[in-house]
2 protein chains.
Amino acid sequence: MDDRTEHGIPRAVAIAWGMAETPQRGPRRGLSHERIVEAAIEIADADGLAAVTMQRVAESLGFTTMSLYRYVANKGELLTLMQDAASKLPKVDTWPPPEGWQEGIRQLAIQLTEIYRARTWMLELPRYERAVLMPNAMEFAERAMAALEPLPLDTEQRVAVILNLAVLAEGFCRLEINLAEEEVTEFDAHDIQLLSEVITPERFPLLAPLVVTGSWAGSPETGHGHVSGEFERGLQWLISGIEQLAAQASSPG
Amino acid sequence: MDDRTEHGIPRAVAIAWGMAETPQRGPRRGLSHERIVEAAIEIADADGLAAVTMQRVAESLGFTTMSLYRYVANKGELLTLMQDAASKLPKVDTWPPPEGWQEGIRQLAIQLTEIYRARTWMLELPRYERAVLMPNAMEFAERAMAALEPLPLDTEQRVAVILNLAVLAEGFCRLEINLAEEEVTEFDAHDIQLLSEVITPERFPLLAPLVVTGSWAGSPETGHGHVSGEFERGLQWLISGIEQLAAQASSPG
DNA sequence: ACCTGAACACCGTTCAAGT
DNA sequence: ACCTGAACACCGTTCAAGT
């Protein structure tokens with residue numbers, strides 16, 4: 001099975017949109033794309049992405065490993081489908097929110113971070129196991145477009161807002177998880193003492209003091225080491241940048 | 001070999017700073033951390049990250065696979081070391097640039113994207129094979145701090161700028177590579193026709209028209225599909241956000 | 001058309017042994 | 001202390017065969 005359809009569209013995109021025909025004739029057909037993806041996500045949720053092997057996914061469904069290959073060209077395709085399925089935004093009663101486009105932007109950003117934080121395995125997926133044209137990525141973009149509608153921006157500007165929003169949210173989640181898992185967690189005074197032998201004021205005049213005080217990559221006990229404050233600032237800069245642009249656009253000259 | 005030192009510092013960090021003692025006594029010692037990392041990077045540059053196996057790295061150095069494990073606790077540690085070694089910023093004559101902090105910020109962002117674009121395998125590294133305290137990450141932060149020095153910001157604000165800068169640059173490189181490799185490259189009118197059957201104006205009233213015209217995930221022939229314009233906008237929003245903050249700080253009240 | 005079973009060509013990593 | 005050689009416990013994926 002090739003991982004492209006007869007067209008330029010990746011097979012995973014076609015499957016996600018339900019465009020990959022799975023004919024009804026023949027034996028049992030106990031399996032389906034949906035069931036396979038669902039089972040894989042359950043395993044990732046429970047035991048992490050490394051636990052998602054073709055064997056284990058199949059086993060959890062009561063089928064042979066090889067039966068999966070009738071539905072999926074390779075493991076990467078399955079991962080791409082998992083990524084999209086896990087990206088489903090929460091239902092909202094009214095959209096965009098009446099508080100204004102800034103609130104809409106902010107809510108979308110927060111919803112993205114909640115998705116990633118609930119499923120950190122999503123940020124462990126290989127870079128290429130994602131596609132722009134998947135249903136839930138489109139849904140995100142559509143909601144963002146709706147929130148931005150009252151603004152006097154051209155298409156490219158709107159697209160830029162959406163991409164920056166997504167990049168910021170994902171990037172800071174990644175950073176947050178890295179910091180939580182890596183060095184920072186178990187830092188103590190002794191470690192900092194040790195690091196300060198190489199991170200000297202001579203070599204890092206501006207940064208060395210911050211490392212010592214814990215302001216840079218600091219430990220949780222110093223009140224740093226979480227990065228959500230920096231994310232909110234970035235979001236605010238994005239929003240005020242858009243405000244400025246909108247003001248220019250509506251009063252030209 | 002454990003992947004932590006006796007302290008909370010990850011072994012990879014200690015190695016990168018030259019704090020992991022490799023005693024001189026004993027047989028040949030033909031190997032070193034530097035040579036191993038260098039060899040691994042050469043392989044990644046030539047044949048991609050997937051080609052970097054312990055066997056191939058060792059082989060390219062003329063040693064047994066297992067000899068590597070005397071220097072590196074596991075493959076992940078090697079990947080972390082590769083990440084940092086490949087993150088070396090270009091030498092600059094004068095820093096920060098005399099044109100002002102905005103130019104400094106911009107130059108740093110561009111330098112980051114050039115590093116990633118030259119070595120796309122860096123963006124394929126698993127999320128956890130990165131550490132904040134590695135030498136070249138520190139060097140980046142130090143340069144950014146130097147560029148920001150004239151500004152009346154507090155420490156947390158400066159840190160926020162640096163993190164947003166890094167997140168933006170990396171995120172857009174990732175996006176750019178995804179778009180180049182994935183669906184977009186080989187899109188034609190027929191594909192769009194096919195997609196427009198599921199991406200309908202009913203379900204995606206604002207986005208569907210953009211997909212048809214190629215403004216969203218468009219093909220190169222329509223002039224879209226590259227994302228550097230959106231990155232520059234984000235960078236500009238970041239910069240004007242900082243300008244605004246700085247103006248507030250210097251004229252309080 | 002759907003699923004199975006056996007086999008292949010890899011991985012990273014262990015362990016005990018050599019010098 | 002440094003390196004080797006053989007072995008282990010996995011992977012994803014192929015292929016030919018069953019129903």
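So you know, we letter chains A, B, ... as the sequences are listed, proteins then strands, and number each from 1. Nothing here was measured: the structure is a model prediction, and the numbers come from that model.
- Distance, A:F63 CZ to C:dG5 P: 13 Å, rounded to whole Å.
- Paired with B:D84 under the rule side-chain contact (heavy atoms from CB on, under 4.5 Å), one option of B:E139, B:M134, B:R130, B:E129 passes, and it is B:M134.
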TODO: Determine, for nucleotides 9-15 of chain C in 5'-to-3' order, which nucleotides have protein heavy atoms under 4.0 Å from the base (write B), from only the sugar-phosphate (write S), or from neither (write -).
DONE: --SBBB-

Open item on the list: Only Watson-Crick and G-U wobble pairs with both distances less than 3.5 Å should count. Give DNA chain D in dot-bracket notation, marking inter-strand partners with |.
Closed with: ||.|||||...|||||.||

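- Of the possible donor and acceptor atoms, none in the side chain of B:D45 sits under 3.5 Å from a partner among the backbone N and O of B:R119.
- Heavy-atom minimum distance, A:Y116 versus A:C173: CB-SG, 3.8 Å.
- Under the side-chain contact (heavy atoms from CB on, under 4.5 Å) rule, A:Q83 has a single partner from A:L125, A:V37, A:L78, A:I41, which is A:L125.
- Rounded to whole angstrom, the span from the CZ atom of A:R70 across to the C1' atom of C:dT4 amounts to 11 Å.
- Across A:S60 and A:I43, no two heavy atoms sit closer than the pair OG-CD1, 4.1 Å.
- In this model, the phosphate group of C:dC2 is not approached by any side-chain N or O of A:Y71 to a distance below 4.0 Å at OP1 or OP2.
- Phosphate proximity of C:dT4 to A:T64: present, with a side-chain N or O under 4.0 Å from OP1 or OP2.
- A donor-acceptor contact shorter than 3.5 Å is absent between the side chain of A:D191 and the backbone of A:L194.
- Panel note: side chain B:Y71, backbone B:I36; no donor-acceptor pair is recorded below 3.5 Å.
- Looking at A:N164, its side chain does come within 3.5 Å of a backbone N or O of B:E230 through a donor-acceptor pair.
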